[in-house]
Amino acid sequence: MAAAAPGALGTLRAGRARLAAACCARLGPGWRLPGSLRAPRVAPAMWARGWAPAAGGSAPRRGYSSDVKTEDELRVRYLEEENRGIVVLGINRAYAKNSFSKNLIKMLSKAVDALKSDKKVRTIIVRSEVPGIFCAANLPVPTIAAIDGLALGGGLELALACDIRVAASSAKMGLVETKLAIIPGGGGTQRLPRAIGVSLAKELIFSARVLDGQEAKAVGLISHVLEQNPEGDAAYRKALDLAREFLPQGPVAMRVAKLAINQGMEVDLVTGLAIEEACYAQTIPTKDRLEGLLAFKEKRSPRYKGE
């Protein structure tokens, strides 16, 4: 048994190295094993032309960087000032009640690809620019779905793809495809059971039941429920509050924590712990970790750079 131990240890280490490599691949382009954690960043100017910040004809809101034409189906907003690092993806297809089109899906895909490699992005909020309708993506940073209106079918599937969901009590959400003699085809049959349990997910999909915010909170579909405000953006405001809580944390740590959780939930505990160890190892050689220790020693707020 003693003679076999080194071989077993080598096998375990090799397995951990493969896990670490897989972790880096999931984090996005440019990520490497410990010792080379820098990722190339796509400058906002290179891609924001297609998804510029929006005003939608209304008065500019504090913290939004600029305006965009009202016909844009997807609006990407880099927030400024105390909200710097938060990006808002706003879906704006009022004439189609935010139903997905090939163009919208293409724009979402391009925006997601760009955001993946932007180290300045800390948290992404997905919301509707159309009052009363919600309708994320495989992103390495935290994502929050703000549901202030209807989120039926594909709209709820988009919300289920986000890490955290918040909704107004008046919001309506459900996977209603069986009413049309089809099934949820955007991940609903897989993500809903993972969110609320298999039996309850089957009940909701089989019945095509629509839940309000309070009911969704009761079954664990959303994390927070708010009374709707006169402006109709209670969920968005809560999502923004949550995003602000995330901003001070180390960017690399946030990415690998999300990766460790997502990957670990799909495997047994022993494998999950190995994934956690591989992800943890990626934080050790970073400049941010040293900055965190120094800031703690000097009793000041850390100044993380995502390196």
Side-chain angles (χ1 to χ4, degrees), residues 48 51-68 70-80 83-101 104-105 107-109 111-112 115 121-137 139 141-173 186 212-213 216-217 221-247:
W51 311 282
S58 60
R61 298 183 183 183
R62 184 173 183 272
Y64 292 167
S65 54
S66 61
D67 298 340
V68 71
T70 56
E71 66 265 28
D72 289 346
E73 293 186 345
L74 179 65
R75 300 171 176 178
V76 175
R77 297 171 175 171
Y78 274 81
L79 304 192
E80 300 293 345
N83 298 324
R84 187 180 299 274
I86 301 172
V87 175
V88 180
L89 293 180
I91 301 172
N92 182 48
R93 298 191 76 227
Y95 60 92
K97 296 185 177 180
N98 277 359
S99 60
F100 289 108
S101 65
L104 177 58
I105 293 173
M107 294 175 76
L108 276 168
S109 178
V112 166
L115 290 170
V121 177
R122 303 293 182 85
T123 300
I124 296 168
I125 297 174
V126 182
R127 68 172 304 207
S128 171
E129 299 284 341
V130 181
I133 302 172
F134 172 74
C135 194
L139 286 158
V141 297
T143 55
I144 307 171
I147 308 171
D148 276 305
L150 294 175
L152 304 176
L156 180 55
E157 288 179 304
L158 178 61
L160 284 166
C162 295
D163 300 310
I164 300 166
R165 290 166 292 281
V166 298
S169 57
S170 58
K172 302 293 182 183
M173 60 203 85
D212 62 25
K217 177 67 167 63
L221 180 55
I222 61 175
S223 301
H224 302 275
V225 59
L226 303 308
E227 289 299 319
Q228 189 57 283
N229 57 30
E231 294 77 18
D233 64 352
Y236 170 67
R237 292 181 184 231
K238 178 62 178 179
L240 195 55
D241 286 341
L242 290 172
R244 290 191 188 108
E245 285 190 62
F246 302 162
L247 282 179

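Any value given below was found using the heavy atoms of this structure, including those in side chains, with hydrogens, waters and symmetry copies removed.
Listed by chain and number, the residues in a side chain to side chain donor-acceptor pair (under 3.5 Å) with Glu227 are Ser169 (sequence neighbours excluded). Residues that satisfy the side chain to side chain donor-acceptor pair (under 3.5 Å) test with Ser223, not counting sequence neighbours, are absent from this structure. For the side chain to side chain contact (heavy atoms under 4.5 Å, CB included) test, residues two or more places apart in sequence or in another chain that qualify with Val121 are Tyr78, Val87, Leu115, Asp118, Ile124, Val141. Legend: residues meeting side chain to side chain donor-acceptor pair (under 3.5 Å) with Arg84, ordered by chain and number and at least two apart, are Glu80. Residues satisfying the side chain to side chain contact (heavy atoms under 4.5 Å, CB included) criterion with Ala171, sequence neighbours excluded, are Ile147, Ala167, Met173. A search for side chain to side chain contact (heavy atoms under 4.5 Å, CB included) contacts involving Glu231 returns Asn229, Asp233, Arg237, not counting sequence neighbours. Looking at residues two or more places apart in sequence or on another chain, you find no salt bridge (Lys or Arg N to Asp or Glu O under 4.0 Å) involving Asp212. Not counting sequence neighbours, the partners of Ala243 by the side chain to side chain contact (heavy atoms under 4.5 Å, CB included) test are Ile86, Thr123, Ile125, Ile144.
In this structure, CE on Met107 lies 10.5 Å from CZ on Arg75, to the nearest 0.5 angstrom. Here the straight-line distance linking atom CD1 of Ile164 with atom CZ of Phe246 works out to 3.5 Å at 0.5 Å rounding. Interatomic distance, CG of Leu247 versus CG of Asn83, reported as 7.0 Å (0.5 Å rounding). Here the CZ-CG distance, from Arg165 to Leu158, works out to 10.5 Å after rounding to the nearest 0.5 Å.
Smallest separation of non-hydrogen atoms from Ala235 and Ala168: CB-N, 3.9 Å. In terms of heavy-atom proximity, Gln228 sits nearest to Ala234 at OE1-N, 2.9 Å.
Checked for salt-bridge contact, Asp241 and Lys238 miss the test: no charged N lies under 4.0 Å from a carboxylate O.
The shortest side-chain heavy-atom distance between Asp163 and Leu139 does not fall under the 4.5 Å cut-off.
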